[in-house]
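Below, all heavy atoms of this structure are taken into account, side chains as well, without hydrogens, waters or symmetry copies. Per chain, numbering begins at 1; letters A, B, ... match sequence-line order.
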Number of protein chains: 2
Amino acid sequence: MERTDHSFLNQATADEASRIFKALADPTRIKILYLLSQEECSVGHITEVLEMTQSAVSHQLSTLRKLRLVKYRREGSTLYYSYDDEHVITILQQVLTHINCK
Amino acid sequence: MERTDHSFLNQATADEASRIFKALADPTRIKILYLLSQEECSVGHITEVLEMTQSAVSHQLSTLRKLRLVKYRREGSTLYYSYDDEHVITILQQVLTHINCK
DNA sequence: TTAACATATGAGCATATGTTCATATATGTA
DNA sequence: TACATATATGAACATATGCTCATATGTTAA
């Protein structure tokens with residue numbers, strides 16, 4: 001049998017999909033994205049809600065920023081973050097819905 | 001303001017979601033699941049298509065088995081694997097479709 | 001300018017992850 | 001039984017990940 005194109009993914013596509021799933025593969029980032037799916041939030045607010053250190057939250061925001069999943073605007077010394085990738089939010093919501101349906 | 005339930009995810013839900021995304025956060029597992037989304041496959045077939053060692057594939061199948069994302073049946077000395085979680089396959093397909101749409 | 005506040009960032013560390021290599025197990029066949 | 005084939009598994013290793021701690025940067029107000 002010939003190797004047919006439909007039977008496998010090329011590396012680039014698999015890598016790109018993996019990149020997206022990796023972004024969601026951490027509870028902290030999931031909580032952050034879930035928060036941001038509901039409202040724009042300051043770093044301080046996220047830190048309070050998640051009950052984590054400011055540094056840990058900021059590092060994760062940095063990760064999400066590099067992945068272009070969040071963006072921010074400045075107001076004085078406060079940074080307000082919001083999500084920047086509708087598709088990823090949709091995927092997250094589907095998985096969360098599925099979990100809560102069980 | 002009171003802390004309201006809608007504003008954050010409980011740890012258990014975030015962990016469970018992260019567990020699902022972690023399973024998909026590797027290119028090899030993505031390729032395997034994509035293959036299995038199309039047809040039941042023997043380990044040998046997967047190994048050939050992915051051009052990886054038998055051991056590497058088998059380890060990943062073990063991971064997917066533990067996560068209950070795949071199942072298998074035996075036919076002689078050959079094991080045929082197939083997917084065992086419709087929802088995860090759906091999520092994977094959505095992400096792949098999204099990537100190819102860009 | 002100085003101090004206080006909000007946030008970011010680098011180094012270090014412990015743990016998790018994915019592969020390879022060697023070997024074990026299970027099945028079929030001579 | 002002995003051997004070949006198909007697959008699984010344990011150990012080892014390199015790399016990635018997520019956090020903490022200390023400190024840097026940017027902004028506002030006195």
In whole angstrom, give the distance that lies between atom OH of B:Tyr80 and atom P of D:dA8.
13 Å

Give A:Thr63 one of three labels, base, sugar-phosphate or nothing, depending on what nucleic acid heavy atoms sit under 4.0 Å from its own.
nothing

How about CZ on A:Arg68, more than 12 heavy atoms from neighbouring residues, nucleotides or ligands closer than 6.0 Å, or not?
no

Could you check whether any side-chain heavy atom of A:Leu36 comes within less than 4.5 Å of a side-chain heavy atom of A:Cys41, counting everything from C-beta outward?
yes

Would you please confirm or rule out a distance under 4.0 Å between OP1 or OP2 of C:dA8 and any side-chain N or O of A:Tyr81?
yes

Measure across A:Leu61 and A:Val70 and return the closest heavy-atom pair with its distance rounded to 0.1 Å.
O-CG2, 4.1 Å

Give a yes/no on whether any side-chain N or O of A:Ser77 is located under 4.0 angstrom from OP1 or OP2 of D:dT27.
no

Verdict with supporting geometry, A:Asn10 and A:Thr13, side-chain hydrogen bond (donor to acceptor under 3.5 Å, both in side chains):
CA-CA 6 Å; A:Asn10 60 57; A:Thr13 303; 2.8 Å; yes

Side chain of A:Thr78 (C-beta onward), nearest among D:dT27, D:dT7, C:dT7:
C:dT7

With a 4.0 Å limit, can you tell me whether A:Arg74 has a side-chain N or O closer than that to the phosphate oxygens OP1/OP2 of D:dG26?
no

Which residue, B:Val57 or A:Gly76, contacts DNA chain D at a nucleotide closer to its 5' end, judged by nearest heavy atom?
B:Val57

Which residue lies toward the 5' end of DNA chain C, A:Arg65 or A:Lys22, if each is placed at its nearest nucleotide?
A:Arg65

Take atom CD of B:Gln11 and atom C1' of D:dG18, then tell me their distance rounded to the nearest Å.
13 Å

Could you check how far CZ of A:Arg73 sits from P of C:dA6, rounded to whole Å?
16 Å

Is A:Thr53 side chain donor-acceptor paired with the D:dC21 base, going by distance under 3.5 Å alone?
no

Can you tell me which nucleotide in D:dT17, C:dA11, D:dT7 comes closest to the side chain of A:His59?
C:dA11

Is the phosphate of D:dT17 approached by A:Arg29 (side-chain N or O, under 4.0 Å from OP1 or OP2)?
no

Nearest-Å distance for atom pair CG/C1', residues B:Leu61 and C:dT17
16 Å

Measure CE/B:Met52 against C1'/D:dA6 and give the value in whole Å, please.
18 Å

Per atom distances to the A:Ala56 side chain, the nearest of D:dT5, D:dC19, D:dT7 is D:dC19

Any donor-acceptor pair under 3.5 Å between the side chain of B:Gln54 and the base of D:dA8?
yes

Whole Å only: how far is the CG atom of A:Leu79 from the P atom of C:dT7?
6 Å

Please give, in whole Å, the distance from D:dT17 P to B:Phe21 CZ?
17 Å

Decide side chain to side chain contact (heavy atoms under 4.5 Å, CB included) for A:His98 and B:Ile91; before the verdict, give the C-alpha distance in whole Å, the side-chain angles of both, and the deciding distance to 0.1 Å.
CA-CA 11 Å; A:His98 183 250; B:Ile91 296 292; over 6 Å; no

Is there side-chain contact between A:Tyr81 and A:Glu40, with heavy atoms separated by less than 4.5 Å?
no

Rounded to whole Å, the CG-P distance (A:Leu50 to D:dG18) equals 14 Å

A:Gln60 side-chain proximity, nearest of D:dA6, D:dA8, D:dG18:
D:dG18

Counting distance alone, no hydrogens or angles: does the base of C:dT9 have a donor or acceptor under 3.5 Å from a partner atom on the side chain of A:Ser55?
yes

